[in-house]
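We use all heavy atoms of the structure for the numbers below, so side chains are in, but hydrogens, waters and symmetry mates are not. Not measured: the values here are computed from a predicted model.
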Amino acid sequence: MEKTWMPKVAGILDIVAGALSFVGITLALAGILVLGAMGGTDIPTGMPTNLILIIVVVMAIFAIIADILAIVGGTFALRRKKWGLALTGSIAAFFASWPLGIAAIVFTVLSKKEFE
């Protein structure tokens with residue numbers, strides 16, 4: 001089978017989307033934790049501030065897990081191994097950055113025959 005550029009591009013898109021989102025979520029999470037340590041702010045939602053901070057931290061943890069999965073899937077796409085994991089990484093990259101994720105999903109699906 002002839003090797004095309006699509007798995008490499010998909011892997012790069014996965015890694016870029018996952019890494020950028022990982023850095024952004026980590027910085028946001030650090031800011032949220034500092035805000036929580038300072039006592040929070042007056043958010044006009046009627047909900048306790050600590051509950052809001054807990055919800056945001058839990059969501060950030062799930063986002064970080066998706067970012068790590070996107071990076072791992074991107075490395076498998078670059079190596080053209082384990083198509084299922086590469087596709088899972090592309091789907092996870094969609095949640096980090098939907099334009100990059102959609103392109104990564106398309107390239108990964110179209111290059112299925114190139115994987116071991």
Side-chain angles (χ1 to χ4, degrees):
M1 179 88 205
E2 182 182 324
K3 292 185 177 182
T4 64
W5 52 270
M6 288 188 282
K8 284 189 177 186
V9 172
I12 291 169
L13 291 173
D14 289 344
I15 292 170
V16 167
L20 289 176
S21 178
F22 182 82
V23 169
I25 294 290
T26 304
L27 291 174
L29 187 58
I32 289 167
L33 292 175
V34 167
L35 181 65
M38 291 175 28
T41 62
D42 294 330
I43 301 174
T45 60
M47 293 174 59
T49 304
N50 289 338
L51 179 62
I52 293 171
L53 292 176
I54 290 171
I55 292 170
V56 170
V57 168
V58 169
M59 289 173 57
I61 290 170
F62 282 117
I64 287 173
I65 291 170
D67 295 339
I68 292 170
L69 187 59
I71 293 168
V72 170
T75 59
F76 278 99
L78 286 174
R79 295 179 11 209
R80 291 181 169 88
K81 300 203 185 249
K82 297 187 180 181
W83 180 80
L85 191 53
L87 181 62
T88 304
S90 295
I91 293 168
F94 173 79
F95 295 106
S97 169
W98 64 269
L100 298 179
I102 289 174
I105 291 170
V106 169
F107 292 145
T108 303
V109 169
L110 291 177
S111 63
K112 180 179 182 178
K113 295 178 181 177
E114 297 183 39
F115 286 80
E116 294 178 6

I'd like to check the side-chain hydrogen bond (donor to acceptor under 3.5 Å, both in side chains) partners of [X]; sequence neighbours left out, ordered by chain and number.
X: T26; answer: none
X: T108; answer: S90
X: K82; answer: none

Could you measure the distance from the CD1 atom of I105 to the OG1 atom of T88? Nearest 0.5 Å is fine. 10.0 Å

Inter-residue atom distance D14.CG - L87.CG, 0.5 Å rounding: 9.5 Å

How does the hydrophobic cluster around L27 look, that is, which other residues are in it when side-chain heavy atoms under 4.5 Å mark a link? V23

Within the structure provided, determine whether P7 and T4 are in side-chain contact (heavy-atom separation under 4.5 Å). yes

Side chain proximity check, W5 to F107, heavy atoms < 4.5 angstrom: yes

Are [X] and [Y] in one and the same hydrophobic cluster, where Ile, Leu, Val, Met, Phe, Trp and Tyr link if side-chain heavy atoms are under 4.5 Å apart?
X: V16; Y: I68; result: no
X: F62; Y: F95; result: no
X: I15; Y: I12; result: yes
X: I91; Y: I65; result: no
X: L78; Y: F76; result: no

Pairs satisfying salt bridge (charged side-chain N to carboxylate O under 4.0 Å, His left out), at least one member in residues 52-80, at least two apart: R80-E114

What are the two closest non-hydrogen atoms of [X] and [Y], and how far apart are they?
X: G18; Y: A70; answer: CA-CB, 4.1 Å
X: A103; Y: L13; answer: CB-CD1, 3.7 Å
X: T75; Y: V72; answer: OG1-O, 2.6 Å

Ring pair (Phe, Tyr, Trp, His ring centres under 6.0 Å) pairs touching residues 10-29, sequence neighbours excluded, are none

